[in-house]
Amino acid sequence: MENKKVNIKKISDKTYEILNSPFYIDGKGGQLGDRGTISDANIIEVKENLVILDKNLEDGEHSYFIDEKRREDISQQHTAQHIFSAEAYNNFGLNTVGFRMAEEYTTVDLDQKDISKEIIDKLEELVNNDIKKDIVIEEKIYTNEEAHKIENLRKAIKDKIKGDVRFIKIGDIDICACAGFHVSRTSQIEIFKIINYENVKGNYTRFYFLAGERAKADYNKKHDIIKKLTNIFSCKDDEILEMLDKSLAEKSKISTELKSLSMKYVELMVKDFEKTFIEYKEHKILIYSEDENLVNILPKFVNLDKFLLLSGHDKNYSLNSNIYDCKAIISNITKSFPTIKGGGGKNKGNIKLDKTYNKDKLVELIKKGIDNDNE
């Protein structure tokens with residue numbers, strides 16, 4: 001393997017200048033940038049004649065390595081985007097107004113909202129048909145003058161482009177100015193799959209897609225999920241949604257029954273519970289943290305005209321009362337202890353503890369909040 005070298009000069013911590021950089025820039029033309037190594041440092045980000053590494057190196061000449069497998073993945077996604085945008089334009093008059101390649105998926109924005117499912121399915125079919133045709137993809141270089149004479153371009157040449165212009169030509173489907181990575185034949189894309197779409201920015205539709213190895217990995221992941229679900233529900237693949245609906249209906253029924261039972265239980269236990277108050281400077285404080293299911297129900301049954309109710313679970317608590325100022329007590333606590341968050345109104349408020357506090361410490365803080373309120 002050829003030992004390629006670059007000269008680097010430190011600009012700031014882990015950031016180096018590389019003149020005539022061999023690395024493709026992150027985000028250039030919407031595409032992902034290169035990754036790899038310089039010496040024994042990993043490339044984290046590529047900018048215009050700059051690289052950011054995961055460790056510092058000495059200035060000077062170093063060997064470098066570019067991740068070619070990543071470039072192959074980028075090529076699959078990028079060429080798939082050209083074909084998708086071309087078929088959308090050629091068949092439905094839809095213009096591409098946005099393109100972004102991310103590590104997980106690629107997005108393309110078309111200049112129409114509420115595109116029908118029929119058109120979307122047809123677009124996916126057209127792209128996969130083009131992939132199967134094994135069309136040769138050509139790189140053509142034109143002078144700037146020649147480039148501007150090419151008619152019926154799907155995407156106009158940007159004015160900022162000076163000098164020669166590189167075009168990517170995909171048979172009779174598309175020709176488009178582009179500086180990014182592309183496969184040499186459409187069959188190398190292997191497969192194209194739209195995974196989601198949504199209306200954005202008012203009048204556009206954003207498509208999320210995967211191509212090549214990404215699409216196959218996504219299929220395998222979803223196949224594993226379906227396999228686990230069929231085991232959980234003891235059913236066939238095409239019965240999963242029916243079983244899921246049945247499970248959700250049963251859960252909803254159980255939740256309704258549990259809530260009804262909890263209401264009845266609280267109604268029965270509240271009289272005894274109200275006898276457990278602690279008194280502090282004429283404040284009658286009730287504290288409850290035993291059952292998470294009862295925490296939100298309890299304030300409906302406690303006589304808040306007599307008590308200050310502190311109820312909650314884990315690190316989240318609420319304060320309720322009709323006669324004591326919950327807002328003032330919580331405000332006094334959060335002012336004195338900034339790591340504790342909280343707020344609310346006069347009759348009800350919420351408190352979120354950090355990891356250093358528990359319920360018992362919170363009770364002491366409530367007392368301090370009462371003390372400060374009385375001063």
Side-chain angles (χ1 to χ4, degrees), residues 13-14 44-45 52 54 102-105 196 198 200-201 206 248 251-252 254-375:
D13 184 47
K14 300 176 185 175
I44 303 300
E45 187 178 352
I52 299 172
D54 66 349
E103 299 290 346
E104 299 81 19
Y105 50 74
N196 195 17
E198 60 182 345
V200 296
K201 301 178 183 177
R206 175 165 295 164
L248 291 173
K251 181 184 177 184
S252 178
I254 291 169
S255 296
T256 301
E257 291 174 351
L258 178 60
K259 186 174 181 180
S260 178
L261 288 171
S262 297
M263 297 279 278
K264 290 176 182 178
Y265 174 72
V266 171
E267 192 174 6
L268 291 171
M269 63 84 78
V270 73
K271 289 183 179 179
D272 288 333
F273 172 64
E274 287 184 346
K275 295 175 185 177
T276 66
F277 71 87
I278 58 174
E279 192 159 4
Y280 184 76
K281 295 190 176 180
E282 299 181 352
H283 287 66
K284 293 180 179 180
I285 307 171
L286 286 169
I287 304 159
Y288 186 85
S289 63
E290 282 71 30
D291 190 331
E292 187 177 2
N293 294 312
L294 304 184
V295 165
N296 294 324
I297 299 173
L298 201 55
K300 299 175 183 178
F301 291 90
V302 167
N303 186 353
L304 298 177
D305 292 330
K306 289 177 59 179
F307 299 102
L308 176 66
L309 173 64
L310 173 66
S311 59
H313 184 76
D314 192 25
K315 301 296 180 182
N316 298 295
Y317 288 83
S318 65
L319 210 56
N320 291 267
S321 181
N322 292 336
I323 57 170
Y324 307 119
D325 193 336
C326 298
K327 181 179 180 180
I329 294 171
I330 294 172
S331 178
N332 289 333
I333 293 171
T334 54
K335 284 178 183 176
S336 301
F337 304 91
T339 60
I340 296 176
K341 306 300 179 184
K346 184 174 182 180
N347 300 125
K348 180 181 179 180
N350 296 303
I351 302 169
K352 185 173 180 63
L353 303 177
D354 67 16
K355 61 184 179 180
T356 61
Y357 291 92
N358 56 27
K359 180 196 71 176
D360 294 333
K361 286 186 178 180
L362 177 57
V363 173
E364 295 305 312
L365 296 180
I366 295 291
K367 292 178 180 178
K368 289 181 180 179
I370 293 171
D371 287 339
N372 292 338
D373 198 35
N374 290 335
E375 288 178 358

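Within the model, atoms NZ of Lys359 and CG of Leu353 stand 12.0 Å from one another, a figure rounded to the nearest 0.5 Å. Taken from CD1 in Ile351 to OH in Tyr357, the straight-line distance is 12.0 Å, to the nearest 0.5 Å. Rounding to the nearest 0.5 Å places CD1 of Ile323 at 11.5 Å from CG of Asp325. Atom CG of Leu310 sits about 5.0 Å away from atom CG of Leu362, to the nearest 0.5 Å. Here the straight-line distance linking atom NZ of Lys284 with atom OG1 of Thr276 works out to 12.5 Å at 0.5 Å rounding.
Here the closest heavy-atom approach between residue Ser321 and residue Phe307 is recorded as OG-O, 3.0 Å. For the pair Tyr324 and His283, the tightest heavy-atom approach, listed with the atom from each and the gap, is CD2-CD2, 3.2 Å.
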Criterion salt bridge (charged side-chain N to carboxylate O under 4.0 Å, His left out) on Lys361 and Glu364, from CA distance to verdict: CA-CA 5 Å; Lys361 286 186 178 180; Glu364 295 305 312; over 6 Å; no
Pair Leu319-Ile366, side-chain contact (heavy atoms from CB on, under 4.5 Å): steps then yes or no: CA-CA 10 Å; Leu319 210 56; Ile366 295 291; 4.0 Å; yes
Step-by-step side-chain contact (heavy atoms from CB on, under 4.5 Å) determination, Phe273 to Leu298: CA-CA 10 Å; Phe273 172 64; Leu298 201 55; 3.7 Å; yes
Residues Leu286, Glu274; criterion side-chain contact (heavy atoms from CB on, under 4.5 Å); working and verdict: CA-CA 7 Å; Leu286 286 169; Glu274 287 184 346; 4.1 Å; yes
Under 3.5 Å, which donor-acceptor pairs link side chains of residues 334-343 to any protein atom two or more places apart or in another chain?
unit_1, atom_1, unit_2, atom_2, d
Thr334, OG1, Ile330, O, 3.2
Thr334, OG1, Ser331, O, 3.1
Ser336, OG, Asn332, O, 3.1
Thr339, OG1, Asp354, OD2, 2.6
Lys341, NZ, Pro338, O, 3.2

Distance-only donor-acceptor pairs under 3.5 Å for side chains of residues 255-263, two or more places apart:
unit_1, atom_1, unit_2, atom_2, d
Ser255, OG, Lys251, O, 2.9
Thr256, OG1, Ser252, O, 2.9
Ser262, OG, Leu258, O, 2.8

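Residue pairs meeting the side chain to side chain donor-acceptor pair (under 3.5 Å) criterion with at least one partner in residues 297-316, sequence neighbours excluded, are Asp305-Asn322, Ser311-Ser318, Asn316-Lys352.
No side-chain heavy atom of Ile285 sits less than 4.5 Å from a side-chain heavy atom of Val363. For the pair Phe301/Met269, no side-chain contact is recorded, criterion being any heavy-atom separation below 4.5 Å from C-beta on.
In summary, of the residues considered (Leu304, Asn347, Leu308), a side-chain contact (heavy atoms from CB on, under 4.5 Å) with Cys326 occurs for Leu308 alone.
Residue Tyr280 places its OH atom among more than 12 non-hydrogen atoms of other residues, nucleotides or ligands, all under 6.0 Å distant. The environment of CD in Glu198 is crowded: more than 12 heavy-atom neighbours from other residues, nucleotides or ligands sit within 6.0 Å. Other residues, nucleotides and ligands contribute only 12 or fewer heavy atoms inside 6.0 Å of the NZ atom of Lys348. The number of heavy atoms from other shown groups lying within 6.0 Å of CD (Glu290) is above 12.
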